[in-house]
Amino acid sequence: MFTKIGRTTINFEPVPWNNKDVLQASLLVVLFVLGYFLLSWLLVHTFGLVEPAEYPSVTIFLSEGIMIFAVWLFAARKYSTKWSKLGLRPSDRFGTYLAPFLALLTIMIFTAGYSYVSSNYGPEFLKPPALPEGLIGSGLHRFVMIFALVIWGPFAEEIFFRGFMMTALIPTFGMVGAMAVSSLIFAVFHMSVGSIAPIFFSGILFSLLYLRTRSIWPPMTAHALQNFVAVAGMT
């Protein structure tokens, strides 16, 4: 299957998993996250214990980990397919190593423009929120949190949203439609109305990187760089 996006012709290699698998995997992730926060509430209000959600690194590791598990369950295991089919393979396409930095620059320009317009002319709820104070923490938690945000999170999310979800949606929505739908879900997943537009835009660029290279590493690198810039602004 060949599709032309702009001046680029992309060859899409069909995958065995489908929309039903994506729906089931997504429900598993949502149910796990809801169950985790329900458990947190019960531990505090019923047993008076420390709330697990107060440790954001634990929350990130668990929620991103369930994504990897869902991909394994509904793609790798179910169809006996190799993880390379999900993008865990190198890319020898020209510009692979430069493209993530160009994507990051484009994202930063878009985000800066969006922040300026929304802050000065838009309603309050569309303003991108600042990262919570103390999110990074200190000591060992600081190291673990930076690893979770800059490495583990981008790795799990790119496999789930690009390698798994987007590729399954292409037969139904086409490449452009699958990029848009998966990027919108990716943005909503972050649960911040003010960040939906910038994260959606990032998702589109990550999707283009993946489709262009058929490797998870270029979009993961761009995603990690974006998170690193956000984290660096807090340190």
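- Atoms CG and CH2, on Leu209 and Trp217 in that order, are 14.5 Å from each other to the nearest 0.5 Å.
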Check your understanding: When you look at Leu28 and Phe74, which way does the side chain to side chain contact (heavy atoms under 4.5 Å, CB included) test go after all the steps?
Key -> CA-CA 10 Å; Leu28 177 62; Phe74 293 102; 4.1 Å; yes

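- Taking the side chain as every heavy atom from C-beta outward, Pro198 and Ile107 never approach each other to under 4.5 Å.
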Practice item. Just do the side chain to side chain contact (heavy atoms under 4.5 Å, CB included) check on Val15 and Tyr79 with the steps written out, would you? Key: CA-CA 10 Å; Val15 296; Tyr79 296 98; over 6 Å; no

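- Here the closest heavy-atom approach between residue Ala70 and residue Val29 is recorded as CB-CG2, 4.2 Å.
- The closest side-chain heavy-atom distance from Phe69 to Ile66 is below 4.5 Å.
- Remark: Phe206 CZ to Leu208 CG distance equals 11.0 Å, nearest 0.5 Å.
- Nearest heavy atoms, Tyr97 versus Ser91: OH-O, 4.5 Å.
- Within the model, atoms CZ of Phe189 and OG of Ser183 stand 14.0 Å from one another, a figure rounded to the nearest 0.5 Å.
- Both Ile151 and Leu62 belong to a single network of hydrophobic side chains, linked directly or stepwise wherever heavy atoms of I, L, V, M, F, W or Y lie under 4.5 Å apart.
- Residues Trp152 and Ile60 come closest through the heavy atom pair NE1-O, 4.0 Å.
- Pairing each heavy atom of Arg214 with each of Lys85, the nearest pair is NH2-O, 4.3 Å.
- For the pair Val71 and Ile68, the minimum side-chain heavy-atom distance is 4.5 Å or more.
- In the hydrophobic cluster analysis, where Ile, Leu, Val, Met, Phe, Trp and Tyr join through side-chain heavy atoms closer than 4.5 angstrom, Met108 is grouped together with Phe101.
- Ser202 contributes atom OG, which lies 6.5 Å from atom CZ of Phe186 (distance to the nearest 0.5 angstrom).
- Leu102 has its side chain within reach of Leu98: a pair of non-hydrogen atoms, C-beta onward, lies under 4.5 Å apart.
- Leu27 and Leu184 sit in two unconnected hydrophobic clusters of ILVMFWY residues. Membership requires side-chain heavy atoms under 4.5 Å apart, directly or through other members.
- Evaluation of the side chain to side chain contact (heavy atoms under 4.5 Å, CB included) rule for Val193 yields Phe125, Leu126 as partners, not counting sequence neighbours.
- Following chains of ILVMFWY side-chain contacts shorter than 4.5 Å, one cannot reach Val30 starting from Leu73, and the two form parts of different hydrophobic clusters.
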Exercise for review: List the steps and the verdict of side chain to side chain contact (heavy atoms under 4.5 Å, CB included) for Ile185 and Val181.
Suggested key: CA-CA 6 Å; Ile185 297 174; Val181 172; 4.0 Å; yes

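- Contact detail for Ser182 and Ala178: the closest heavy-atom pair is OG-O, 2.7 Å.
- More than 12 heavy atoms of other residues, nucleotides or ligands sit less than 6.0 Å from atom CZ of Arg89.
- A donor-acceptor pair is defined here as one N or O able to donate and one able to accept, closer than 3.5 Å; such a pair exists between the side chain of Asp21 and the backbone of Asn18.
- Listed here is the closest heavy atom pair of Ser63 and Val33: CB-CG2, 4.2 Å.
- Neither Tyr116 nor Tyr114 shares a network with the other; the hydrophobic side chains, linked directly or stepwise wherever heavy atoms of I, L, V, M, F, W or Y lie under 4.5 Å apart, form separate groups for each.
- Note that CG of Leu86 and OG1 of Thr81 are 6.5 Å apart. Values are rounded to the nearest 0.5 Å.
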**Study point:** CA sep, side-chain torsions, deciding dist, call: Leu225, Val150, side chain to side chain contact (heavy atoms under 4.5 Å, CB included)
**Key:** CA-CA 7 Å; Leu225 288 170; Val150 178; over 6 Å; no

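- Checking Tyr36 against Thr59 by side-chain atom types alone, a donor-acceptor pair falls below 3.5 Å.
- Under the 3.5 Å distance criterion, the side-chain polar atoms of Ser118 are left unmatched by any main-chain donor or acceptor of Lys127.
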Please set out all donor-acceptor pairs under 3.5 angstrom arising from side-chain atoms of residues 155-167, sequence neighbours excluded.
{"from": "Glu158", "atom 1": "OE1", "to": "Arg162", "atom 2": "NE", "distance (Å)": "2.9"}
{"from": "Glu158", "atom 1": "OE1", "to": "Arg162", "atom 2": "NH2", "distance (Å)": "3.4"}
{"from": "Glu158", "atom 1": "OE2", "to": "Arg162", "atom 2": "NH2", "distance (Å)": "2.7"}
{"from": "Glu158", "atom 1": "OE2", "to": "His223", "atom 2": "ND1", "distance (Å)": "2.7"}
{"from": "Thr167", "atom 1": "OG1", "to": "Trp17", "atom 2": "NE1", "distance (Å)": "3.3"}
{"from": "Thr167", "atom 1": "OG1", "to": "Gly163", "atom 2": "O", "distance (Å)": "2.8"}
{"from": "Thr167", "atom 1": "OG1", "to": "Phe164", "atom 2": "O", "distance (Å)": "3.1"}

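- Separation of atoms CD1 (Ile204) and OG1 (Thr106) is listed at 13.5 Å; rounding is to 0.5 Å.
- Between Phe201 and Phe110, the ring planes lie parallel to each other; the angle is under 30°, not in the 30° to 60° tilted range.
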